[in-house]
Asks: 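Just dropping this structure here.
Because the structure is a prediction, the values reported are computed rather than measured.
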Amino acid sequence: METLNKVRRMAPEVPLGSSPAEVRRRIEAMEKLLERAVTIPVLRRKVGLDAIAGLVPFAGDILTAAMGAYAVWEARNLGLPRWKQWRMIANIGIDTAIGAIPLAGDLFDFLYRSNTRNLKIIRRHLDRHHPETRVIEG
């Protein structure tokens, strides 16, 4: 019973609300899942679902592109300007197009982190327009 309680406490809580702080936490959790979920022991480099699913030809890249598009949808709901939304779409498009190339695309997925780039765009917007959502890391 104790281990079950520990598992429940360890599970990340993803907020369901629409406030900027909750949206920020949701997008950060998704970025971590897609880009930094697992550490490769020998290389000591973090990879996520984007690089792992990219090993499945075509379907993996489409799946992770759809998950990345969720961040663009959240950005639109936050009121990001259209040019920033298009920049985010371009990041996902580049990742998907080059990631679909066998072998070379897998290496590209390992190095190019479109979701991290998109998270930075959203964080800058939130820090400027919703400063109460800032998280001080230290």
Asks: Can you name the ring pair (Phe, Tyr, Trp, His ring centres under 6.0 Å) partners of H129, sequence neighbours left out?
Replies: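 Residues passing ring pair (Phe, Tyr, Trp, His ring centres under 6.0 Å) with H129: H125.
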Asks: Would a hydrophobic clustering, with Ile, Leu, Val, Met, Phe, Trp and Tyr connected at side-chain separations under 4.5 Å, put L34 with I92?
Replies: no
Asks: If you group Ile, Leu, Val, Met, Phe, Trp and Tyr by side-chain heavy-atom gaps below 4.5 Å, do L49 and L119 land in one group?
Replies: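 No; tracing contacts between hydrophobic side chains, which count when under 4.5 Å, never links both residues.
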Asks: Under the rule for side chain to side chain contact (heavy atoms under 4.5 Å, CB included), what residues qualify as partners of I40, not counting sequence neighbours?
Replies: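 L43, V47, F110.
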Asks: Using the side chain to side chain donor-acceptor pair (under 3.5 Å) criterion, which residues pair with D109? Sequence neighbours excluded.
Replies: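 Testing D109 for side chain to side chain donor-acceptor pair (under 3.5 Å), a comparison that skips the adjacent residues, returns none.
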Asks: Of all residues at least two apart in sequence or in a different chain, which pass the side chain to side chain donor-acceptor pair (under 3.5 Å) check with R113?
Replies: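 R113 satisfies side chain to side chain donor-acceptor pair (under 3.5 Å) with no residue once adjacent residues are dropped.
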Asks: Measuring from atom CG of L107 to atom CD1 of I101, what distance do you get when rounded to the nearest 0.5 angstrom?
Replies: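 So the CG of L107 and the CD1 of I101 are separated by 11.5 Å.
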Asks: For M30 and A71, which heavy atoms make the closest approach, and how far apart are they?
Replies: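 Closest pair (atom of M30, atom of A71, distance): CE-CB, 3.7 Å.
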Asks: Residues two or more places apart in sequence or in another chain: which of them pass side chain to side chain contact (heavy atoms under 4.5 Å, CB included) with I89?
Replies: V72, W86
Asks: Applying salt bridge (charged side-chain N to carboxylate O under 4.0 Å, His left out), which residue pairs with at least one partner in residues 36-48 are found, sequence neighbours left out?
Replies: E31-R36
Asks: As an exercise, state the distance from CG of D95 to CG of L111, rounded to the nearest 0.5 Å.
Replies: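 The CG atom of D95 sits 11.0 Å away from the CG atom of L111.
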Asks: Once side chain to side chain contact (heavy atoms under 4.5 Å, CB included) is applied, do any residues pair with R87, and if so which ones, sequence neighbours excluded?
Replies: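 Listed in chain order: W83, I121, R124.
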Asks: Go through the steps to decide whether D127 and K120 satisfy the test salt bridge (Lys or Arg N to Asp or Glu O under 4.0 Å), and finish with yes or no.
Replies: CA-CA 10 Å; D127 288 348; K120 286 180 184 177; over 6 Å; no
Asks: Which donor-acceptor pairs under 3.5 Å do side chains of residues 52-67 form with protein atoms, sequence neighbours excluded?
Replies:
residue, atom, partner, partner atom, Å
D61, OD2, A100, N, 3.4
T64, OG1, D50, OD1, 3.1
T64, OG1, G60, O, 3.1
T64, OG1, D61, O, 3.2

Asks: Could I get the full list of side chain to side chain donor-acceptor pair (under 3.5 Å) partners for N91, not counting sequence neighbours?
Replies: Y112, N118
Asks: Less than 4.5 Å apart, side chain to side chain, heavy atoms only: is that true for I122 and R24?
Replies: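 When only atoms from C-beta onward are counted, R24 and I122 do not touch, as no gap falls below 4.5 Å.
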Asks: Mind checking what makes salt bridge (charged side-chain N to carboxylate O under 4.0 Å, His left out) contact with E35, not counting sequence neighbours?
Replies: none
Asks: Return the set of residues passing side chain to side chain donor-acceptor pair (under 3.5 Å) with N77 (not counting sequence neighbours), or none when no residue passes.
Replies: none
Asks: What pairs of residues pass the salt bridge (charged side-chain N to carboxylate O under 4.0 Å, His left out) test when at least one of them lies in residues 66-85, not counting sequence neighbours?
Replies: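 Only R26-E74 qualify under salt bridge (charged side-chain N to carboxylate O under 4.0 Å, His left out).
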Asks: Where is the tightest heavy-atom contact between N115 and G68, given as atom of each residue plus distance?
Replies: OD1-CA, 3.5 Å
